[in-house]
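Per chain, numbering begins at 1; letters A, B, ... match sequence-line order.
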Amino acid sequence: MSEEKSLNFIEEIVAQDLAAGKYDAILTRFPPEPNGYLHIGHAKSICLNFGLAKHFGGGTNLRFDDTNPTTEETEYVESIKADVKWLGFDWVKECYASDYFDTLYGFAIQLIEKGLAYVDDSSPEEIALQKGTPTVAGTGNAYRNRSIEENKTLFEAMKAGAFEDGAKVLRAKIDLGNPNMHLRDPLLYRIKKAHHHRTGDKWCIYPMYDFAHGQSDSIENITHSICTLEFIPHRALYDWGIEQLGIFPSKQYEFARLNMTYTIMSKRKLLQLVQENHVESWDDPRMPTISGMRRRGYTPESIRDFCERIGIAKRENIIDFSLLEFCVREHLNKIAQRRMVVTDPIQLIISNYELGEEILHSENNPEDPDGGVRAVPFSKELWIERDDFMELPTKKYFRLGPDLMVRLKSAYIIKCDSFDKDEHGNIKTVYASYFPESKSGSDTSGIHVKGTLHWVSAKHAVPVTLNEYDRLFKVEDVAGAEGDFKDYINPNSLTKVTTAWGEPALLEDSKEARFQFLRKGYFYQDTTSTQTALVFNRTVTLKDTWAKEQKK
RNA sequence: UGCCUGAUAGUAUAAUGGUAGUACGACUGUUUUUGGUGCAGUUUGUCUUGGUUCGAAUCCAGGUCGGGCAACCA
């Protein structure tokens, strides 16, 4: 308790409101539009909104902002609910802006009756023109002076379907000269004869964001409505609507959205990646979507930790991808089961091994004393990693080479005697002898080696496919880069490794288990993986100071 | 060039008129049957110019730079 974390600016506002007795309890909301899958940027908002309620006592509504029937689908609704749950949050109420369509229509009538809204027959182009520019005031048109009765009749006719799409709109009558463009008689309703995923064909007029969002917040008695910076200019309208309607005064607060290096956060662009097959699907493990990250092997804990670490502020930001990687490594290091998998194998023959085979044991997780051990079969003929042998080793190379000694993890120390190459000059087989008294756990050999290698017994190994992922884009700031974002897609973001061999324990492991393949990285079974064809996705590599050393 | 925002190490974030701190990154060293982990340490910062004050990252004024705003999208 004494080490309390400092509050971010929104937490301070809430703390002050509560201290001042403004509310007994707070109610926040997470309001996605169901027109795409949730991504890591949404996770930031989810953690903020649900975290606030958890911290200060209160609740959070999950509200679907479904006011645009042409872009929204039930598939998205379902994925959003699954993602929020997976992240570990429960909402107080599941709400839909579309549930308020009747109330919202009533609000519009009220505005018309107060002389604060009118039906405009102008085309989108005309309206845009009449709005002026940021430096030049807008001009009105004749429709602005329609009588209350006429507006009411017309609006009712709009609802009844008397007009075609685009023929008329309902506009608020505020101020065409306002320096805030959003106050220059904003559109409240438009005609859209489209099928809505929830209300079907009941409606042919739909409220705009600015006439749905604040009103929905108010209907639900949301105390703190938190959104991203680009909505700051909308706040005046948000407050205007609530004031004119005399409804519950929800308040809007804004924070900076998340940006990350080497990826994009725009739903529109993510949809493009899916539709144009740059990735396989919304849950492609390379995507920054929650479902993609889940499939890749990220844990909800690590994502929550990440959101905690990046903080909340109003300044534009771009977070290093390496921070996310740090968070997931930190969690996985504690919980992942260690297994041995050789990805690019060469043969290792233990010339003096006459036992045939034996069962050795290796700890499941050195971080967890209660993690237990697993059986690992050992034999005369093994697979080791091609990278772990060097014909002409450099000074700092701790692995195998002519006359060099290493330990085979959880097994014996060996010494390389000779090696063979194939017709292309590539190493094919390494011959070594082992020291029986160096057996792991009962080593009396007195030999000290610098390197320890992972290995699998050729006879017992199971074939596995590995999906090794790299960053989706080649540049740090994709959104800020010149030209089309698709020009920066990393063509090597996925490497499918089909030559790998894993230890047989993998066959008995749960599909949900998180693994660390020793010295390789953290892996998680793909959704396409089966008992007879194991497929693992690489969540993240291990930190590799050797690779860094080599680059010098 | 109208309005709205923001500016603290490479990246984030704290300090709420009183010692500029933390995390990630980078770099050392150490431990290690994972070149992983752990541990110890080093490194780099208040956009600028004035002002108020005993004292300014913080308050005031001017400037500079970044972001947003003129969708029948949210």
What distance, rounded to whole Å, do you find between the two C1' atoms, one in B:rA23 and one in B:rG63? 34 Å
Closest nucleotide among B:rA74, B:rC72, B:rG35 to the A:Lys396 side chain: B:rG35
Spell out yes or no: do the side chain of A:Glu254 and the base of B:rU5 have one donor N/O and one acceptor N/O closer than 3.5 Å? no
Interatomic distance at P, B:rG2 relative to B:rG18, whole Å: 36 Å
For B:rA70 and B:rU13, measure between their C1' atoms and round to the nearest Å. 35 Å
Could you tell me whether the side chain of A:Arg407 has a donor or acceptor atom within less than 3.5 Å of a complementary atom in the base of B:rU33? yes
Looking only at side-chain atoms of A:Ala313, point me to the closest of B:rU13, B:rA74, B:rA12. B:rU13
Quick check for you: among B:rU33, B:rU34, B:rU8, whose closest atom lies nearest to any side-chain atom of A:Arg315? B:rU8
Using the P atom as the reference point in each nucleotide, state the distance between B:rC27 and B:rU33 in Å, no decimals. 25 Å
Taking only the side-chain heavy atoms of A:Met208 (C-beta and beyond), determine which of B:rG25, B:rC73, B:rC3 contains the nearest atom. B:rC73
Candidate pair A:His331 and A:Thr299, rule side chain to side chain donor-acceptor pair (under 3.5 Å), full reasoning: CA-CA 8 Å; A:His331 186 221; A:Thr299 59; 2.7 Å; yes
A:Lys543 side chain, from C-beta outward: closest of B:rG35, B:rG25, B:rA74: B:rG25
A:Gln272, CD: over 12 other non-hydrogen atoms inside 6.0 angstrom: yes
A:Phe231 side chain, from C-beta outward: closest of B:rG35, B:rA15, B:rA74: B:rA74
Is the ring pair A:His234/A:His182 parallel, tilted or perpendicular, if the boundaries are 30 and 60 degrees? tilted
Suppose we define a pair by two distances each less than 3.5 Å, Watson-Crick or G-U wobble; what does B:rU42 pair with here? B:rA26
How far does the P atom of B:rC39 sit from the matching atom of B:rU44, given to the nearest Å? 24 Å
Do A:Glu367 and A:Asn365 pair up side chain to side chain, a donor and an acceptor below 3.5 Å, judged on atom types alone? no
Between B:rA40 and B:rU31, how far apart are the C1' atoms? Round to whole Å, please. 11 Å
Within less than 4.0 Å of OP1 or OP2 of B:rC27, is there a side-chain N or O belonging to A:Lys548? yes
Establish, yes or no, whether a centroid distance under 6.0 Å links the rings of A:Tyr522 and A:Phe515. no
Out of B:rG2, B:rA12, B:rA14, whichever nucleotide has its closest atom nearest the side chain of A:Thr135: B:rG2
For B:rA61, give the paired nucleotide (Watson-Crick: N1-N3 plus N6-O4 or O6-N4; G-U: N1-O2 and O6-N3; both under 3.5 Å), or none. B:rU49
Which nucleotide wins on minimum distance to the side chain of A:Ser440, given the candidates B:rU33, B:rG36, B:rA12? B:rU33
Could you walk me through whether A:His213 and A:Asp65 pass the side chain to side chain donor-acceptor pair (under 3.5 Å) check? CA-CA 7 Å; A:His213 201 95; A:Asp65 225 340; 2.7 Å; yes
Per A:Leu542 side chain, nearest of listed nucleotides B:rU34, B:rG6, B:rU37: B:rU34
With rounding to whole Å, what would you report as the distance between B:rA74 and B:rA20 at their C1' atoms? 40 Å
Measure from the ring centre of A:Tyr209 to the centre of the six-membered ring in the base of B:rA74, then say whether that distance is under 5.5 Å and the planes meet at under 30°. no
Using atom P of each nucleotide, how far apart are B:rG67 and B:rG29 to the nearest Å? 42 Å
Just to be sure I understand the rule, does A:Glu33 reach a base, reach only the sugar-phosphate, or reach nothing, if contact means heavy atoms closer than 4.0 Å? sugar-phosphate
Out of B:rC73, B:rG66, B:rG25, which nucleotide sits closest to the side chain of A:Glu316? B:rG66
